[in-house]
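Letters A, B, ... mirror the listed sequences (proteins, then strands); counts begin at 1.
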Protein chains: 2
Amino acid sequence: MSRWQPDAKGRLAKAALELYCERGYEQTTVAEIAGRAGLTERTFFRHYADKREVLFDGTAALQELFTSAVAAAPEEAAPIEAVAAGLEAVCASFAGRTEFARRRHFVIAATAELRERELIKLATLASALAATLRRRGVPEPAAGLTAEAGVAVFRIGFERWVAPGEDRELAQVVRECLAGLRTAVGAA
Amino acid sequence: MSRWQPDAKGRLAKAALELYCERGYEQTTVAEIAGRAGLTERTFFRHYADKREVLFDGTAALQELFTSAVAAAPEEAAPIEAVAAGLEAVCASFAGRTEFARRRHFVIAATAELRERELIKLATLASALAATLRRRGVPEPAAGLTAEAGVAVFRIGFERWVAPGEDRELAQVVRECLAGLRTAVGAA
DNA sequence: CAGGCGATGTCAGCGACTGCCATCGCGTTA
DNA sequence: TAACGCGATGGCAGTCGCTGACATCGCCTG
C-alpha cells in the first residue's frame, strides 16, 4: 500500500460527494474528505482550490463541449439555432450519468455556498458562449443576451429533469423549455 | 465619545467599500473595516452575516421595488411587458447614485468571491419575479424563463451603463437591451 | 434609583486555506 | 547499480473568516 494510490483527485471527489450526501456540506470538514480518500487535508488543497471546487471538476469539459457545438453549427444558422445545437450536444453528454447528476444536484441545491459556485460557473459558461457567438459574427448585445438565454434554458430544463417524477430525456425537456422561452419573449 | 455613535451599520458599509476600493477585497480584513468604523470585528458580524454581505445591503429593497412594479402592471399586460415595467421602476431608483453604483460595481467585478454573491442575489431576484408572474397567472416554464430574461436584461444593461464612456440614462440602455433580446430570441 | 434591555466588547475556539520545508517513490543517467 | 532529479505527498505553523458564551456599557422605564 504505497504512498501513491492511483487517481488521488478522483478519490477525493468521490469521498467528498459521499460525505456531502451523508451528513451535509457544512457538517463535513476537508480533513474528513481527505481521510476517507486516504490522503491529508494539505493534499486536498493541492488538487482543488477550495472545498466547493471538488464538485465542479467537470464544468470545464462541459463548457468546451457546448462552445464547440455552437461553433460547429452551420454558418447560416441563426444565433439561437446555434445555441440550440450546443444544448443538444450537452444534453447528450449526460446519458448514463443520471444518478450522479441527481445526487450532485441535490447537494448543491441544499447549500447556498455551493449554489453560488454553480452560478458563477454558469456565468462563465455564458461568457464563453457569447464569445463564440461573436466569433460567428453576432453583434452585441445580441450575443450576450442569446448566450444568457441559452444557459437559462439549460438550467431550468436541467432542474425539471432531475425533479422526482420526471422520466423523459434531458434533451426533450430542454427543447420544451427553449420553445417556451421563444413563446414568452417573442410574443409581443 | 460614547460607545454608541449613530448608524453603526452604515459606518461599517462605508468603511468596507472604501477599504475594498483602496486596497482590494482580499487584502482587507474584517478587523480593519470594523476599526475604521470605530467598532470591533465581533460587532461587524452582528450587522452583516459575512464579509461579502456588507456590499449587498440594498438588494432586498431592490427586489421589493422590482416585484411590486411587476405586480402593479395592468392586468392585461403580457408577462414580458410587466417585467419591462419593473425594469423601469428599478432603473429610476438609481437616479443620483451613479458614482456609488460605479464604485461598488467595479469592486464586485474585480473579485470572484463577490461576483458569486452578486449572482446569487440576482438569482433570488429572478425567483421572486417568477413567483410574482405566477401570481399574475403566468404558467411555468414561461414565468421562470421570463423572469430570468428580465434579470439578464437588467444585468447586461447595467454593465453597459457603468462602463466608461456611457453617458445615457440607465433606463434607456436597459430598454435597448430588452429590444435586443426580443430580436435575438424572437427571430426564428 | 433599581432594574431591564439592547448594543457592544472580550475571549476562546473551530475550520478553511496557505507557505515552507521535509519526505517519499519513481525514472533517468552516469 | 548507485546517485540524482523531480513530482506527489505529509507535517506544521500561521492567518483569517466566523461563532458561541459571557461580561459590560448606556439608555429607558417604572
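Listed nucleotides C:dA16, C:dT8, D:dC18 differ in distance to A:Val30; the shortest reach to its side chain belongs to C:dA16. Looking at the side chain of B:Thr29, the nearest of the listed nucleotides C:dG9, D:dG17, D:dT9 is D:dG17. Here the nucleotide nearest the side chain of B:Arg42, chosen from C:dT8, D:dT19, D:dC12, is D:dT19. Set against D:dT9, D:dC18, C:dC17, the side chain of A:Thr43 has D:dT9 as its closest nucleotide. Distances from the side chain of B:Leu39 to the nucleotides C:dG9, D:dC18, C:dA16 place C:dG9 closest.
Between the CD atom of B:Glu41 and the P atom of D:dT19 there is a distance of 11 Å, given to the nearest Å. A:Arg117 places its CZ atom 14 Å from the P atom of C:dA16, with the value rounded to the nearest Å. The nearest whole Å value for the distance from the CG atom in B:Asp50 to the P atom in D:dC16 is 17 Å. Taking atom CZ of residue A:Phe45 and atom P of nucleotide D:dC12, one finds them 18 Å apart after rounding to whole Å. To the nearest angstrom, C1' of D:dT15 lies 12 Å from CD of B:Glu32. For B:Asp7 and C:dT8, the CG to P distance is 10 Å, given to the nearest whole Å. Rounded to an integer number of Å, the gap from A:Tyr48 OH to C:dT18 P is 16 Å. Atom CZ of B:Phe44 is separated from atom C1' of C:dT10 by 19 Å (rounded to the nearest Å).
Annotation: cation-pi pair B:Arg97/B:Phe94 present, NZ/CZ under 6.0 Å from the ring centroid and within 45° of its normal. Judged by a 6.0 Å distance limit and a 45° cone about the ring axis, B:Arg104 is positioned over the six-membered ring of B:Phe56.
For the OP1/OP2 pair of D:dG10 and a distance below 4.0 Å, the side-chain nitrogens and oxygens of A:Thr40 include at least one atom meeting the criterion. Regarding contacts with the backbone of C:dA7, every side-chain N or O of B:His47 stays at 4.0 angstrom or more from both OP1 and OP2. Put simply, B:Arg52 has a side-chain N or O that comes within less than 4.0 Å of OP1 or OP2 on D:dC18.
Using a 4.0 Å heavy-atom cutoff across all strands shown, B:Ala31 reaches no nucleic acid atom at all.
Put simply, the side chain of A:Arg103 never gets that close to the backbone of A:Glu18: no donor and acceptor are under 3.5 Å apart.
Shown are B:Arg36, B:His47, B:Arg46; of these, the side chain to side chain contact (heavy atoms under 4.5 Å, CB included) with B:Leu12 is made only by B:His47.
Distance CG/A:Leu114 to CD/B:Glu116: 10.0 Å, rounded to 0.5 Å.
For D:dG10, the base has a donor-acceptor partner in the side chain of A:Arg46 [N/O atoms by modelled type, under 3.5 angstrom].
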